[in-house]
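Read through the structure below, which is laid out as structure tokens, and then see the notes.
For the numbers below, each heavy atom of this structure counts, side chains included, while hydrogens, waters and symmetry mates do not. All residue numbers refer to positions in the sequence shown, counting from 1. Owing to the predicted nature of the structure, the values given are computational and were not obtained by experimental measurement.
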Amino acid sequence: MRFSKSLIILALGVSLAACSDSDNNDVEVKPPVVVTPTSYEFTVTITNLTTAQPFSPVALIAHTEGMLWQIGNSASEALERMAEGGDNSQLLTVDFATHAQSAESPLPPGEQLTLTLTTEQLESLKISLATMLVNTNDAFTGLNAIDVSSLAVNESLSRHSHAYDAGTETNSEAHGTIPGPADSGEGFNESRDDINSVAMHPGVVSQDDGLRSSMLTNQHKFDNPVAQIIITRTQ
């Protein structure tokens, strides 16, 4: 009997030791760590400084490379569509855009609007915007690849923008060629009958200046700058 009890005790000891070893070998499984992307937020306020040139709905684009236009180069079709007819849909989907936002409506002379842009990338971040001066053939304004990557939260930068000529449509100012309220004429036309390169806009030559075929008057003239843009990092 004593021998049998000893065997039982020994067996229990081995069993407990085995259980103890098994417990020590258990690997604690931790739930996966979920990393929430950091968001960076910018507000962009645009003021129309002209007296009689409504701006088409503003296109606002975040990107890390590329440019919407270059002086002396041909305008892209996306820029042409916006500069001739105010249609920004192709600009909002350019292949280098990481995020894009559009104003819901035109911006009247003397008024301002604010757009908000949120992105998950700050390194090399640039902001561009473009809008048409709608009482023209193909004039536009905006900012082209402004670096905002070094802006701190609540820090702003201010820029004034000039009028550019898309170079895709002759500045005839003739009846049926201007999409704005001065004429309610044609917008985008795929044919290009101008110098076919982006340049500074020479300004309006109106009927008051002796261009009798023009649909524009002196009130539609504009001086540079035509817009003020303030970019503020808010997050």
Can you tell me if Asn144 uses its side chain to pair, donor with acceptor, with the backbone of Gln70 under 3.5 Å? no

Would you mind reporting whether Leu125 and Phe42 have side-chain heavy atoms less than 4.5 Å apart? yes

Side-chain contact, heavy-atom cut-off 4.5 Å: Gln112 with Ile46? no

So which atom in His220 and which in Ala182 form the shortest heavy-atom distance, rounded to 0.1 Å? NE2-CB, 3.6 Å

So do the side chains of Gln207 and Leu216 get within less than 4.5 Å of each other, counting heavy atoms only? no

Would you check if the side chain of Asp165 reaches a backbone N or O of Ala139 as a donor-acceptor pair within less than 3.5 Å? no

I need the minimum non-hydrogen distance between Gly86 and Ser56, along with the two atoms involved. CA-CB, 3.6 Å

How far apart are the C-alpha atoms of Met132 and Phe55, what are their side-chain angles, what is the distance that settles it, and do they pass the side-chain contact (heavy atoms from CB on, under 4.5 Å) test? CA-CA 5 Å; Met132 179 191 183; Phe55 291 167; over 6 Å; no

Could you walk me through whether Ser149 and Ser124 pass the side chain to side chain donor-acceptor pair (under 3.5 Å) test, one step at a time? CA-CA 6 Å; Ser149 61; Ser124 301; over 6 Å; no

Over all atoms of both residues, closest heavy-atom pair of Ile146 and Arg159: CD1-NE, 4.5 Å

May I ask whether Leu79 and Phe188 are part of the same hydrophobic cluster, defined by side-chain heavy atoms of I, L, V, M, F, W, Y residues being less than 4.5 angstrom apart, directly or through others? no

Tell me, do Ser105 and Leu113 make a side-chain contact under 4.5 Å, heavy atoms counted? no

Has Glu80 got a side-chain atom pairing as donor or acceptor with Glu77's backbone, closer than 3.5 angstrom? no

Could you please spell out the steps behind the side-chain contact (heavy atoms from CB on, under 4.5 Å) verdict for Leu49 and His160? CA-CA 10 Å; Leu49 301 178; His160 285 91; 4.0 Å; yes

Under a 3.5 Å distance rule, please check whether Asn88 uses its side chain to pair with a backbone N or O of Pro57 as donor and acceptor. yes

Transitively linked via ILVMFWY side-chain contacts under 4.5 Å: Leu107 with Met82? no

Residue pair Thr45 / Thr114, side-chain donor-acceptor N/O under 3.5 Å: yes

Are the side chain of Asn137 and the backbone of Glu173 linked by a donor-acceptor contact shorter than 3.5 Å? yes

Shortest non-hydrogen contact between Thr141 and His162, atoms and distance: OG1-O, 2.7 Å

Would you say Ser214's side chain and Leu211's backbone share a donor-acceptor pair under 3.5 angstrom? no

Determine the sole option in Ile61, Leu92, Leu117, Thr116 for which the side-chain contact (heavy atoms from CB on, under 4.5 Å) test with Gln101 is passed. Leu117

Verdict with supporting geometry, Thr232 and Asn154, side-chain contact (heavy atoms from CB on, under 4.5 Å): CA-CA 6 Å; Thr232 303; Asn154 296 325; 5.6 Å; no

Kindly indicate, with the supporting measurements, whether the criterion side chain to side chain donor-acceptor pair (under 3.5 Å) is fulfilled by Asp194 and Thr168. CA-CA 5 Å; Asp194 201 2; Thr168 56; over 6 Å; no

Check whether any side-chain N or O of Asn224 sits under 3.5 Å from a backbone N or O of Ala163 as a donor-acceptor pair, and report yes or no. yes

Do Ile230 and Val44 touch side chain to side chain, with heavy atoms closer than 4.5 Å? no

Look at the side chain of Asp208 and the backbone N and O of Asn218, then say whether any donor-acceptor pair between them is shorter than 3.5 Å. yes

I'd like to know if Lys126 and Glu65 make a salt bridge, using a cut-off of under 4.0 Å between side-chain N and carboxylate O. no

Do the ring centers of His201 and Phe222 come within less than 6.0 Å of each other? yes

So, the side chain of Asn48 versus the backbone of Ala227: is there a donor-acceptor pair under 3.5 Å, distance only? no

Just so I know, are the side chains of Asn73 and Val198 near enough to count as touching, which here means a heavy-atom distance under 4.5 Å? no

Taking side chain as C-beta onward, heavy atoms only, is Glu169 less than 4.5 Å from Arg192? no

Kindly give the heavy-atom pair with the smallest separation between Phe140 and Ala83, and that separation in Å. CD2-CB, 4.0 Å

For Trp69 against Gly142, the heavy-atom pair lying closest together: CH2-C, 3.8 Å

In Å and rounded to the nearest 0.5 Å, what is the CD to OG1 distance from Gln53 to Thr131? 10.5 Å

Within 6.0 Å of CG in Asp223, more than 12 heavy atoms from elsewhere: no

So, taking the atom named CE in Met215 and the one named OG in Ser172, what distance separates them when rounded to the nearest 0.5 Å? 11.0 Å

Just wondering, are more than 12 heavy atoms of other shown residues or ligands nearer than 6.0 Å to NE2 in His175? no

Hey, is the main chain of Leu68 close enough, under 3.5 Å, to the side chain of Ser128 for a donor-acceptor pair? no

Ser206 side, atom OG; Arg212 side, atom CZ - distance, nearest 0.5 Å: 13.0 Å

Chi angles and distances behind the side-chain contact (heavy atoms from CB on, under 4.5 Å) call for Ile231, Ser156: CA-CA 5 Å; Ile231 302 173; Ser156 300; over 6 Å; no

Please test Glu186 against Thr177 for side chain to side chain donor-acceptor pair (under 3.5 Å), starting from the C-alpha separation and ending with a verdict. CA-CA 5 Å; Glu186 180 184 53; Thr177 67; over 6 Å; no

Does the side chain of Ile229 reach to within under 4.5 Å of the side chain of Leu129, using non-hydrogen atoms? yes

Check this for me: does any side-chain nitrogen of one of Lys221 and Asp209 sit under 4.0 Å from a carboxylate oxygen of the other? yes

Looking only at side chains, do His99 and Glu120 share a donor and an acceptor under 3.5 Å apart? yes

